Structures are given as C-alpha cells and as structure tokens.
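The block underneath contains the structure these notes are about, expressed in structure tokens.
Just the heavy atoms: all of them, side chains too, but no hydrogens, waters or symmetry mates, feed the values below. Please read all numbers here as calculations on a predicted model, not as lab measurements.
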Amino acid sequence: DTGNEFTTTIGPDAKFEGKLIFERGLKLQGQLNGEISTAGRLHVTKEARMDAKVDAGSIVIEGNVKGDLNAGEKIELKNSAKYE
C-alpha cells in the first residue's frame, strides 16, 4: 500500500448508499450498499461491510461482502473475508 493508491476512503463511521464511481482506488472501512464502478482497486477492510454490484480493476476483501463481484485483473480473498 503506497498511500496514494487509495485516493478515496469511506471511514469506519460512514454508511454509503448508491452508485460510486472513482478512478484510482477506494479503501472501504465503513458500510456500502449499491454499485461500484472503477478501473482501479477496491480494498474492503476487516471492519467493513459491503452489499454491492462491483466492476473493478482489482478487489481485495478482508471484511464481509455480499453481491456480484467482477474484476478485470484479480479478486483476492484474505483469511478474514466473508463472502456470500
């Protein structure tokens, strides 16, 4: 994690609902329900919860995720990940 790779962060106290579009990277620490569209990276941290339709360049999951995941490069599930 270079620090500038994830230019957008949704913090642990935040809840987002809707369609999220971003260019480079998103670190999700809170809750997200909806859709994500990006050519960049999505990182779902351990404390995060996501229920979404995702189209991304790559996805790393450590938290709880439901939904439809599509990645151009790779989807990485860490040991702590819960995917339904």
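A distance of 4.0 Å separates CZ in F22 from OG1 in T38, rounded to the nearest 0.5 Å. Rounding to the nearest 0.5 Å places CG of N33 at 5.0 Å from CD of E17. Taken to the nearest 0.5 Å, the OG1 atom of T9 stands 9.5 Å off from the CG atom of L28. One distance of note links CD1 of I61 with NZ of K46; it measures 14.5 Å at 0.5 Å rounding.
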Item to check | side-chain contact (heavy atoms from CB on, under 4.5 Å) between N64 and V44, intermediate numbers included | outcome: CA-CA 8 Å; N64 293 339; V44 181; over 6 Å; no
Item to check | side-chain contact (heavy atoms from CB on, under 4.5 Å) evaluation trace for V54 with N70 | outcome: CA-CA 6 Å; V54 179; N70 184 26; over 6 Å; no
Next on the checklist: I'd like to know whether F6 forms a side-chain contact (heavy atoms from CB on, under 4.5 Å) with R41, so could you lay out the CA-CA distance, the side-chain angles of the two residues, the decisive distance to 0.1 Å, and finally the verdict.
Outcome noted: CA-CA 8 Å; F6 297 104; R41 293 190 62 194; 4.0 Å; yes
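Taking the side chain as every heavy atom from C-beta outward, L69 and M50 approach each other to under 4.5 Å. Side-chain contact between I10 and L26: present, with at least one pair of heavy atoms (C-beta onward) separated by less than 4.5 Å. Contact annotation: the side chain of K27 never approaches that of T8 to less than 4.5 Å [non-hydrogen atoms, C-beta and beyond].
Remark: A71 engages I59, I75 in a side-chain contact (heavy atoms from CB on, under 4.5 Å) (not counting sequence neighbours).
Among residues at least two apart or in separate chains, salt bridge (charged side-chain N to carboxylate O under 4.0 Å, His left out) pairs with a member in residues 48-57 are K53-D55.
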Name every donor-acceptor pair, under 3.5 Å, that has one atom in a side chain of residues 77-84 and the other anywhere in the protein, sequence neighbours excluded.
{"residue": "K78", "atom": "NZ", "partner": "E76", "partner atom": "OE2", "Å": "2.8"}
{"residue": "S80", "atom": "OG", "partner": "E62", "partner atom": "O", "Å": "2.8"}
{"residue": "Y83", "atom": "OH", "partner": "G67", "partner atom": "O", "Å": "2.8"}

